[in-house]
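Below is one structure; the comments refer to it alone.
We name chains A, B, ... by the order of the sequence lines, and we start the count at 1 in each one. Values in this document were obtained by computation on a predicted structure and should not be read as measured data.
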Amino acid sequence: ETGVTQSPTHLIKTRGQQVTLRCSSQSGHNTVSWYQQALGQGPQFIFQYYREEENGRGNFPPRFSGLQFPNYSSELNVNALELDDSALYLCASSTGSADTGELFFGEGSRLTVL
Amino acid sequence: LAKTTQPISMDSYEGQEVNITCSHNNIATNDYITWYQQFPSQGPRFIIQGYKTKVTNEVASLFIPADRKSSTLSLPRVSLSDTAVYYCLVGGRDDKIIFGKGTRLHILP
């Protein structure tokens, strides 16, 4: 069974730039959720995609956007980067069923904004 | 989604049993209680989930009293590798999973 993979693992950007982070969901999973985790904090929910449609969003501005593709992989795009966007970005996939609601997380993409 | 309160940090020693309690006074009827574990620079990992009474798996036990306003994650005979942050979450299985600050567990030799 293929786990959740994220790329890139680390990247450095400057303020005002744009970034795209990628996530391949676990085999058989049709739901992808994105989280932002600042140092020393718990993961903050950004949004979720279910079968290519946004299915819930946290308290993040519109410059955080996403996509889900027919193979259920996903992208997180962040425009006009700010220093506070520096964080670990986590992608999690799930089956979208109400079995246990368990999320399977990737190792994350660590973004540093200078 | 019900708010949860758990200790910010705990220390214990190798071989001890560790109990982390989480308060969730406003838990709703259809809410489940779920615990995740997170190591530094890794994504959280599902540990256990329960609705009432007691649930046990190969890693941990989850104790939930009848009023469901709190829950206790029990880790038997901890080792140094159990040093991590533990998150208690409450919500329906269809709800978006929202994390709090978690409990930093530090296991000492």
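- For a residue to count as touching a neighbouring chain, one of its non-hydrogen atoms must lie under 4.5 Å from one of that chain's; by this rule Y32(B) does not touch chain A.
- The environment of L83(A) atom CG is dense: over 12 non-hydrogen atoms of other residues, nucleotides or ligands sit within 6.0 angstrom.
- Nearest heavy atoms, Q41(A) versus Y87(B): O-OH, 3.8 Å.
- Heavy-atom neighbours of L39(A) CG from other residues, nucleotides or ligands within 6.0 Å: at or below the threshold of 12.
- Within a 6.0 Å sphere centred on CZ of R15(A), other residues, nucleotides and ligands contribute 12 heavy atoms or fewer.
- With a threshold of 4.5 angstrom between heavy atoms, Q6(A) does not approach chain B through any atom at all.
- For the options G43(B), G102(B), G100(B), heavy-atom pairs under 4.5 Å to chain A are most numerous at G43(B).
- Transitive grouping of hydrophobic side chains (ILVMFWY, heavy atoms separated by less than 4.5 Å) brings V59(B) and W35(B) into a common cluster.
- A pairwise comparison of heavy atoms in F99(B) and Q44(A) identifies O-NE2, 4.3 Å as the closest pair.
- Here ring pair (Phe, Tyr, Trp, His ring centres under 6.0 Å) pairs that include residues 57-87 of chain A, with residues two or more places apart or in two chains, are F60(A)-F64(A).
- Residue contact with chain B, scored on non-hydrogen atoms closer than 4.5 Å, involves the backbone and the side chain of E107(A) alike.
- Nearest heavy atom pair, residue G40(A) against residue R104(B), reads CA-NH2, 3.4 Å.
- Here the OH atom belonging to Y36(B) is positioned 5.5 Å from the CD atom belonging to E102(A), to the nearest 0.5 angstrom.
- Heavy atoms only, all atoms of each residue included: Y35(A) and I97(B) are closest at OH-O, 2.5 Å.
- Atom-to-atom distance recorded for F104(A):CZ and F46(B):CZ is 8.0 Å, nearest 0.5 angstrom.
- Contact of L90(A) with chain B is made through the side chain alone, with heavy-atom distances under 4.5 Å.
- Criterion: ILVMFWY side-chain heavy atoms under 4.5 Å apart, direct or through other members. Under it, V32(A) and Y89(A) are part of a common hydrophobic cluster.
- Open room surrounds CG on N59(A); 12 or fewer heavy atoms of other groups in view lie less than 6.0 Å from it.
- Each of S33(A), G42(A), G56(A), P43(A) has some count of heavy-atom pairs under 4.5 Å with chain B, and the biggest count is that of P43(A).
- In this structure, L88(A) is not a member of the same hydrophobic cluster as V78(A), with clusters built from ILVMFWY side-chain heavy atoms closer than 4.5 Å.
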